[in-house]
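Here's the structure we're looking at; comments come further down.
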Amino acid sequence: MTLIPKGCLVVSCQARVDNPLHGPQHMAAMAEAAEQAGAGTLRANGPADIAEIRARTSLPVIGINKIFSDAPVYITPTREAAQAVLDAGAQIVGLDCTERAREGSDTWQQVMAHVLEAGAEVFADVSSVEEGRRAAEAGATYVASTLSGYTDPAAPPPEGPDYDLIEALVAAVPVPVIAEGRIATPEQAAEALARGAHAVVVGTMITNPRSITQGFVRALAPQQTGV
């Protein structure tokens with residue numbers, strides 16, 4: 001039995017450094033609100049946020065550790081980054097399982113093995129069926145569509161969730177498939193489950209008021225007449 005309940009909503013509580021909500025106190029409050037609303041699991045970035053969320057909520061936490069460098073892979077790219085997440089209390093560790101270049105000498109397989117040896121579950125972020133298959137074969141507890149549309153710097157992400165990839169992953173791998181990426185409405189989340197996803201991750205459209213506000217402002221802009 002896995003820690004992420006089947007059919008649940010996973011709420012991603014993250015805020016970048018330039019966001020007014022950045023910091024453990026704000027993200028833990030977001031996590032508490034998500035738990036009160038019925039979320040089944042949380043996703044959080046960085047040891048400080050993870051530790052505070054674990055102290056203030058009872059839900060399983062998918063911990064990631066974003067390490068930015070010149071390399072395109074930044075989601076928990078090394079064993080050291082993974083260990084920091086484990087030390088903070090994450091029961092599930094998310095990592096980039098694409099074959100792109102990464103900082104340091106660790107491969108994603110080594111990072112995954114480190115997490116599994118520590119007794120935690122692995123949440124594999126992938127962008128294709130083949131990547132999902134390899135991650136499952138290496139021992140991933142879950143395979144997620146998180147990186148669909150984000151691995152080719154020359155191509156902007158498409159609009160909306162990648163339902164085709166979700167369905168293809170469900171058919172290709174023997175582990176739970178998690179739908180993540182550009183899920184913006186309850187209807188889209190329900191559709192992802194209907195396509196076979198074990199659970200659904202939503203972040204921006206729940207926990208990023210700045211981005212949500214920008215969407216409303218853009219929609220209203222054509223109606224502004226300068227009165």
Hydrogens and angles aside, do Thr141 and Glu121 bring a side-chain donor and acceptor to less than 3.5 Å of each other? no
Going by distance alone, is a donor N or O of one side chain under 3.5 Å from an acceptor N or O of the other, for Ser12 and Gln14? yes
Quick check: closest heavy atoms across [X] and [Y], and the distance to 0.1 Å?
| X | Y | result |
| --- | --- | --- |
| Pro153 | Thr151 | CD-O, 3.4 Å |
| Val170 | Gly196 | CG2-O, 3.5 Å |
| Ala138 | Leu116 | O-CD1, 4.2 Å |
| Ala192 | Val200 | CB-CG2, 4.0 Å |
| Ile183 | Val202 | O-CG1, 3.6 Å |
| Asn65 | Ala81 | ND2-O, 3.0 Å |

Over 12 non-hydrogen atoms of neighbours within 6.0 angstrom of [atom1] in [X]:
| X | atom1 | answer |
| --- | --- | --- |
| Glu130 | CD | yes |
| Phe216 | CZ | no |
| Gln110 | CD | yes |

Between [atom1] on residue [X] and [atom2] on residue [Y], distance to nearest 0.5 Å:
| X | Y | atom1 | atom2 | value |
| --- | --- | --- | --- | --- |
| Arg195 | Asp162 | CZ | CG | 10.0 Å |
| Asp125 | Leu147 | CG | CG | 5.0 Å |
| Leu59 | Arg43 | CG | CZ | 15.5 Å |
| Glu187 | Glu191 | CD | CD | 10.5 Å |
| Leu9 | Leu193 | CG | CG | 9.5 Å |
| Ile50 | Gln91 | CD1 | CD | 10.0 Å |

Is the closest side-chain heavy-atom distance between [X] and [Y] below 4.5 Å?
| X | Y | result |
| --- | --- | --- |
| Glu35 | Ser58 | yes |
| Met27 | Cys13 | yes |
| Arg210 | Pro20 | yes |
| Thr76 | Asp96 | no |
| Ile4 | Ile62 | yes |

Do you reckon [X] sits in the same ILVMFWY cluster as [Y], going by side-chain contacts under 4.5 Å, direct or chained?
| X | Y | result |
| --- | --- | --- |
| Val10 | Ile206 | no |
| Val201 | Tyr142 | yes |
| Val177 | Val129 | yes |
| Val61 | Met112 | yes |
| Val143 | Leu165 | yes |

Under a 3.5 Å distance rule, please check whether [X] uses its side chain to pair with a backbone N or O of [Y] as donor and acceptor.
| X | Y | answer |
| --- | --- | --- |
| Arg79 | His114 | no |
| His26 | Ala15 | no |
| Thr41 | Pro60 | no |
| Thr98 | Val126 | no |
| Arg102 | Pro77 | yes |

Checking Tyr163 against Gln188 for the side-chain contact (heavy atoms from CB on, under 4.5 Å) test, could you report, in this order, the C-alpha distance in whole Å, the side-chain angles of both residues, the deciding distance, and whether it holds? CA-CA 9 Å; Tyr163 295 125; Gln188 289 177 336; 3.4 Å; yes
Sort out for me which residue in Val122, Val85, Leu3 forms a side chain to side chain contact (heavy atoms under 4.5 Å, CB included) with Ile92. Leu3
Which one of Ile53, Leu42, Thr207 satisfies the side chain to side chain contact (heavy atoms under 4.5 Å, CB included) criterion with Met30? Thr207
Lys/Arg-Asp/Glu bridge criterion (N-O < 4.0 Å) met for Arg133, Glu137: no
After noting the C-alpha distance and the side-chain angles of Trp108 and Arg134, does the key distance pass the side-chain contact (heavy atoms from CB on, under 4.5 Å) rule? CA-CA 11 Å; Trp108 65 260; Arg134 285 196 293 265; 4.2 Å; yes
Residues Asn45, Asp49; criterion side-chain contact (heavy atoms from CB on, under 4.5 Å); working and verdict: CA-CA 6 Å; Asn45 171 51; Asp49 284 12; 5.6 Å; no
Test side-chain contact (heavy atoms from CB on, under 4.5 Å) on His198 and Thr2; report intermediate values, then the result. CA-CA 11 Å; His198 176 83; Thr2 57; 4.0 Å; yes
